[in-house]
Colleague: 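Okay, handing you the structure first.
Note that the structure is a prediction, hence the values are computed from the model and not measured.
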Amino acid sequence: MRVELHHGAATDVGLVREVNEDAFLIAPPVFVVADGMGGHDGGDVASAIVVEEFARLADAGYDPRRGAEVVAATLEECRRRIEAYGAEQRAAGQTAFSAGTTAVVGLLVEDDGQPQWLLANLGDSRAYRFDGGRLEQVSTDHSVVQELVDAGAITPDAAARHPERHVITRALGTAGSSEADYFLLPLPEAERLVLCSDGVSGMIEDDELAGILAATADPRDAADAVVAAALAAGGRDNATVVVVDVVGLAHDHPYDSERQRLSLEQKLGALP
């Protein structure tokens, strides 16, 4: 596939935390944001493992027609390494040691002969598409408050203030599920792809994020501006964003999110 990508990234420890447990990867055509949990030598190591494994994937190359299988296998290796690291620390006497991380991944694949974004997420790190001035969250948060919103128990506005808004239900290296959600996204329907930790999405509203993306043409400047906005809003968490622009593609493939989700679930369901 010959696809031109322009990209930028930014990260900051924020104004409250002492350690930046976020990590990101820009290794075209592979992009990752991981938000670690567990503190120093826990969360930062877990997120670094995710970046290491996907960097290895980018270096080795992969069959773009088998992207879902490749990502699933890489995430499984991340889970195995993080859990092994945690077991080593507890065996060494750190009985309360924990290490885990969210992950949101974007990489180029081929589906029906066309280049596509394959997105995968675990936890509440997010993937957005920005197209025609409109911002849309593609991924779904794996969190207690998202489950409450989906069940109709609370409103999205209430979720932003809920005391358990940071409790996630899926991650790598924790007791919860480590099964990712997968999404296929046609390149012509995503002028700009945004991957971020909840230190961004939890600090600035989608409208503000959309305004920054619309006003800033260079993805490097856009990434810097997004993190700066998260800090200006209080910087209560580590803030990390990756911004990727797809250059030179025409809008000739309508995006049907439900059809794309079903298509990918059928492919994943065929895995042994």
Colleague: Taking salt bridge (charged side-chain N to carboxylate O under 4.0 Å, His left out) as the test, write out the residues that go with R80, two or more places apart.
Modeller: E77

Colleague: Do D141 and R126 come close enough that some side-chain heavy atom pair is under 4.5 Å?
Modeller: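 D141 vs R126: side chains touch.
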
Colleague: Enter the distance from D35:CG to I168:CD1 here, rounded to the nearest 0.5 Å.
Modeller: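 Between D35 CG and I168 CD1, I get 7.5 Å after rounding to 0.5 Å.
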
Colleague: Mind checking side chain to side chain contact (heavy atoms under 4.5 Å, CB included) for R56 and listing every partner two or more places apart, or none if nothing turns up?
Modeller: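 Scan of R56 (side chain to side chain contact (heavy atoms under 4.5 Å, CB included), adjacent residues dropped) gives E53, R81.
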
Colleague: So does Q114 get a backbone contact from the side chain of D112, meaning a donor-acceptor N/O pair under 3.5 Å?
Modeller: no

Colleague: Heavy-atom distance under 4.5 Å between the side chains of L119 and L193, does that happen here?
Modeller: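 Yes - at least one pair of side-chain heavy atoms lies under 4.5 Å apart.
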
Colleague: Please, which pairs that meet side-chain hydrogen bond (donor to acceptor under 3.5 Å, both in side chains) have at least one residue in residues 92-103, sequence neighbours excluded?
Modeller: Q89-Q94, T102-S125

Colleague: Tell me whether V244 shares a hydrophobic cluster with Y182, the cluster being built from Ile, Leu, Val, Met, Phe, Trp, Tyr side chains joined at under 4.5 Å.
Modeller: yes

Colleague: Who pairs with E208 by side-chain hydrogen bond (donor to acceptor under 3.5 Å, both in side chains), at least two apart in sequence or on another chain?
Modeller: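 Partners of E208 by the side-chain hydrogen bond (donor to acceptor under 3.5 Å, both in side chains) criterion come out as none, since no residue qualifies.
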
Colleague: Who are the salt bridge (charged side-chain N to carboxylate O under 4.0 Å, His left out) partners of E179, not counting sequence neighbours?
Modeller: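 None.
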
Colleague: Minimum heavy-atom separation for A239 and V200, please, with both atom names.
Modeller: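 In this case the closest contact between A239 and V200 is CB-CG2, 4.0 Å.
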
Colleague: How would you list, by chain and number, every residue that makes a salt bridge (charged side-chain N to carboxylate O under 4.0 Å, His left out) with D12, sequence neighbours excluded?
Modeller: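 Not a single residue meets the salt bridge (charged side-chain N to carboxylate O under 4.0 Å, His left out) criterion with D12.
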
Colleague: Say you draw a straight line from CG of L57 to CG of L107; how long is it, rounded to the nearest 0.5 Å?
Modeller: 7.0 Å

Colleague: Going by side chain to side chain contact (heavy atoms under 4.5 Å, CB included), name the residues that satisfy it together with D63, two or more places apart in sequence or in a different chain.
Modeller: R65, R66

Colleague: Does L5 reach the side chain of F31, with side-chain heavy atoms less than 4.5 Å apart?
Modeller: yes

Colleague: At their closest point, which heavy atom of L185 faces which heavy atom of A190, and how far apart are they?
Modeller: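 Looking at all heavy atoms of both residues, the closest pair is CD2-CB, 3.8 Å.
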
Colleague: Are F54 and F24 an aromatic pair by the rule of ring centers under 6.0 Å?
Modeller: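 No, the ring of F54 stays outside the 6.0 Å limit from the ring of F24, centre to centre.
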
Colleague: Any non-hydrogen side-chain atom of L25 less than 4.5 Å from a side-chain atom of V50?
Modeller: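 A side-chain contact is absent here, since even the closest heavy-atom pair is not under 4.5 Å.
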
Colleague: Just to verify, what does D41 make a side-chain hydrogen bond (donor to acceptor under 3.5 Å, both in side chains) with, not counting sequence neighbours?
Modeller: none

Colleague: Can you name the nearest heavy-atom pair linking G67 to V109, along with the distance?
Modeller: CA-CG1, 3.7 Å

Colleague: Is there a side-chain contact between V32 and L195 in this structure, where contact means two heavy atoms from C-beta onward sitting under 4.5 Å apart?
Modeller: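 V32 does not reach L195 side chain to side chain.
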
Colleague: Which donor-acceptor pairs under 3.5 Å do side chains of residues 14-23 form with protein atoms, sequence neighbours excluded?
Modeller:
| from | atom 1 | to | atom 2 | distance (Å) |
| --- | --- | --- | --- | --- |
| R17 | NH1 | D237 | OD1 | 3.3 |
| N20 | OD1 | D22 | N | 3.0 |
| N20 | ND2 | T11 | OG1 | 3.1 |
| E21 | OE1 | G38 | N | 3.4 |
| E21 | OE1 | G39 | N | 2.9 |
| D22 | OD2 | S197 | OG | 3.0 |
| D22 | OD2 | T240 | OG1 | 2.8 |

Colleague: Just verifying a value: how many Å separate T216 OG1 and R192 CZ, rounded to the nearest 0.5 Å?
Modeller: 7.0 Å

Colleague: Mind checking the CG-CZ spacing from L187 to R129? Nearest 0.5 Å is all I need.
Modeller: 12.0 Å

Colleague: Nearest 0.5 angstrom please: E69 CD to L118 CG, how far?
Modeller: 11.0 Å

Colleague: Would L231 end up clustered with V13 when hydrophobic side chains under 4.5 Å apart are linked, directly or stepwise?
Modeller: no

Colleague: Do L122 and V104 sit in the same hydrophobic cluster, where Ile, Leu, Val, Met, Phe, Trp and Tyr count as joined when their side-chain heavy atoms come under 4.5 Å apart?
Modeller: yes

Colleague: First locate atom NE2 of H142, then atom OG of S178, and finally report the distance between them rounded to the nearest 0.5 Å.
Modeller: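 Atom-to-atom, H142:NE2 and S178:OG are 11.5 Å apart.
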
Colleague: Only counting residues at least two apart or in another chain, list the ones meeting side-chain hydrogen bond (donor to acceptor under 3.5 Å, both in side chains) with D44.
Modeller: H40

Colleague: What closest approach, in Å, do A223 and A10 show between heavy atoms, and which atom pair accounts for it?
Modeller: O-CB, 3.6 Å

Colleague: Provide the closest heavy-atom pair for A58 versus V30 in the form atom of the first, atom of the second, distance.
Modeller: CB-CG2, 3.9 Å

Colleague: Can you name the closest pair of heavy atoms from A46 and I82 and give their distance?
Modeller: O-CD1, 3.7 Å

Colleague: Look at the side-chain heavy atoms of Ile, Leu, Val, Met, Phe, Trp and Tyr, link any pair under 4.5 Å apart, and say whether V243 and V138 land in one connected group.
Modeller: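 In one cluster with V243: V138, no.
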
Colleague: Which residues pass the side chain to side chain contact (heavy atoms under 4.5 Å, CB included) test with A210, sequence neighbours left out?
Modeller: F130, L135

Colleague: Check the pair L213 / Y128 against side-chain contact (heavy atoms from CB on, under 4.5 Å), numbers first and verdict last.
Modeller: CA-CA 11 Å; L213 297 173; Y128 292 92; over 6 Å; no

Colleague: Could you list the residues that satisfy side chain to side chain contact (heavy atoms under 4.5 Å, CB included) with A84, not counting sequence neighbours?
Modeller: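 A84 satisfies side chain to side chain contact (heavy atoms under 4.5 Å, CB included) with no residue once adjacent residues are dropped.
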
Colleague: Indicate if V70 and L184 have the same hydrophobic cluster label, given that clusters are the connected sets of ILVMFWY residues with side-chain heavy-atom separations under 4.5 angstrom.
Modeller: yes

